[in-house]
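Structure, as structure tokens:
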Amino acid sequence: MKKSTIVVLSIVGVLVLLVVSVLGWGIGTYNSLVSEQENVQKYASDIQADLQRRSDLIPNLVETVKGYASQEEEIFTEIADARSKLAGATNLQESAQADSELSSALSRLLMVVENYPELKSNENFIALQDQLEGTENRIKVARTKYNEAAQEYNTSLKRFPTSIIGSMFGFEQTEYFEASEGAEQVPSVDFGA
């Protein structure tokens with residue numbers, strides 16, 4: 001074989017190896033972004049499921065309270081309106097806003113409960129209180145996991161050279177689940193003794 005043929009074959013071999021390496025990196029990067037994006041969507045679904053669970057518990061809580069405090073109609077209406085907004089939310093930010101309104105209304109309901117000592121000792125009410133407290137904890141954990149996954153995904157999208165693949169295939173940054181104004185006041189689910 002001629003020396004020039006060997007040189008040409010070596011150059012072609014190096015070029016093929018380079019193309020295969022770049023292609024492999026691109027495919028691996030794309031798949032990594034898809035996995036991170038799916039992880040973000042999974043945690044967003046977890047938040048929605050936990051918000052729905054809490055929303056489903058509230059009618060039982062309201063009915064239990066109504067048995068003792070039927071004159072508190074205004075708060076019952078606020079809770080129903082807030083639940084409707086949460087059910088109609090179409091994205092995570094709308095859910096966060098509706099969740100804030102629901103938490104506020106629920107907090108007011110729980111303050112009303114303080115005026116009815118016999119209600120605080122009701123078995124159904126105590127069981128609902130425990131379920132609500134557990135659900136609040138699940139929501140907090142789901143929000144934290146979602147925001148961690150969103151941060152990992154968003155960071156990947158900003159890093160070079162991953163940002164090239166991200167922009168080529170239309171990956172967009174995701175929003176964080178941020179509490180609405182005034183949501184720093186978590187509804188108290190401690191009914192005390």
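Computed from a prediction, not measured in an experiment: that's the story for all the values here. For the numbers below, each heavy atom of this structure counts, side chains included, while hydrogens, waters and symmetry mates do not.
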Atom OG in Ser167, atom CD in Glu172: separation rounded to 0.5 Å?
11.5 Å
Member of Val8, Leu9, Val7 meeting the side-chain contact (heavy atoms from CB on, under 4.5 Å) criterion with Ile11:
Val7
Side chains of Trp25 and Thr29: donor-acceptor distance under 3.5 Å anywhere?
yes
Begin from the C-alpha positions of Lys158 and Gln173 and carry the test side chain to side chain contact (heavy atoms under 4.5 Å, CB included) through to its verdict.
CA-CA 9 Å; Lys158 290 179 181 178; Gln173 287 196 18; 2.7 Å; yes
How far apart are the closest heavy atoms of Ile79 and Ala105, and which atoms are they?
CG1-CB, 3.7 Å
Here the gap from Met168 atom CE to Leu33 atom CG, rounded to the nearest 0.5 Å, amounts to 11.5 Å
Taking Glu73's backbone N and O only, do any of them form a donor-acceptor pair with Thr77's side chain (distance below 3.5 Å, no angle check)?
yes
Can you name the closest pair of heavy atoms from Leu109 and Leu61 and give their distance?
CD2-CD2, 3.9 Å
Backbone N/O of Ser55 and side chain of Arg83: donor-acceptor pair under 3.5 Å:
yes
Approximate separation, where rounding is to 0.5 Å, of Glu136 CD and Leu57 CG:
9.5 Å
To the nearest 0.5 Å, what is the distance between CZ (Arg138) and CD (Gln131)?
9.5 Å
Going only through I, L, V, M, F, W and Y residues with side-chain contacts under 4.5 Å, is there a path from Met111 to Leu102?
no
Which heavy atom in Gly26 sits nearest to a heavy atom in Ile165, and how many Å separate them?
CA-CD1, 4.0 Å
Could you see if Leu157 belongs to whatever hydrophobic cluster contains Tyr176? Use Ile, Leu, Val, Met, Phe, Trp, Tyr and a side-chain cutoff under 4.5 Å.
no
Are the aromatic ring centres of Tyr30 and Phe171 under 6.0 angstrom apart?
yes
Would the distance check show the side chain of Ser100 and the main-chain N or O of Ala96 forming a donor-acceptor pair, the cut-off being under 3.5 Å?
no
What are the two closest non-hydrogen atoms of Thr135 and Arg53, and how far apart are they?
OG1-NE, 2.9 Å
Where do Tyr146 and Thr174 land on the side chain to side chain donor-acceptor pair (under 3.5 Å) test, with the steps shown first?
CA-CA 10 Å; Tyr146 170 83; Thr174 191; 3.3 Å; yes
Going by an N to O cut-off under 4.0 Å, is there a salt bridge joining Asp81 and Lys85?
no
Side-chain donor-acceptor pair present, Glu133, Asn137, cut-off under 3.5 Å
no
For the residue pair Ser104 / Arg108, report whether a side-chain donor-acceptor contact shorter than 3.5 Å exists.
yes
Tell me whether Val40 shares a hydrophobic cluster with Val34, the cluster being built from Ile, Leu, Val, Met, Phe, Trp, Tyr side chains joined at under 4.5 Å.
yes
For the backbone of Thr90 and the side chain of Glu94, can you confirm whether one donor and one acceptor N or O come within less than 3.5 Å of each other?
yes
Dump the intermediate steps for side chain to side chain donor-acceptor pair (under 3.5 Å) on Asn147 and Gln151, then the final yes or no.
CA-CA 6 Å; Asn147 283 337; Gln151 179 185 22; over 6 Å; no
Looking at CD of Gln37 and OG of Ser156, how far apart are the two atoms once the value is rounded to the nearest 0.5 Å?
11.5 Å
Do Ile27 and Ile164 land in one hydrophobic cluster if side-chain heavy atoms of ILVMFWY residues count as linked below 4.5 Å?
no
To check you understand the geometry: which heavy-atom pair defines the closest contact between Leu86 and Ser95, and what is its length?
CD1-O, 3.8 Å
Check whether Val22 and Val14 end up in the same hydrophobic cluster, where Ile, Leu, Val, Met, Phe, Trp and Tyr are linked by side-chain heavy atoms less than 4.5 Å apart.
no
What verdict does the side chain to side chain contact (heavy atoms under 4.5 Å, CB included) test give for Arg143 and Leu51, after you've listed the backbone C-alpha separation in whole Å, the side-chain angles of each residue and the deciding distance to 0.1 Å?
CA-CA 10 Å; Arg143 286 176 180 164; Leu51 290 175; 4.3 Å; yes
Interatomic spacing from CG in Asn91 to CD in Gln48 - rounded to 0.5 Å:
9.0 Å
With a 3.5 Å distance limit and no angle check, can you tell me whether Ser107 reaches the backbone of Ser103 through a side-chain donor-acceptor pair?
no
Report the C-alpha distance between Leu132 and Leu106 in whole Å, list the side-chain angles of each, state the deciding distance to 0.1 Å, and finish with yes or no for side chain to side chain contact (heavy atoms under 4.5 Å, CB included).
CA-CA 11 Å; Leu132 184 60; Leu106 183 58; 3.7 Å; yes
Heavy atoms of Phe177 and Gln93 approach each other most closely as CA-OE1, 4.4 Å
Can you tell me if CD on Glu118 sees more than 12 non-hydrogen neighbours from other groups inside 6.0 Å?
yes
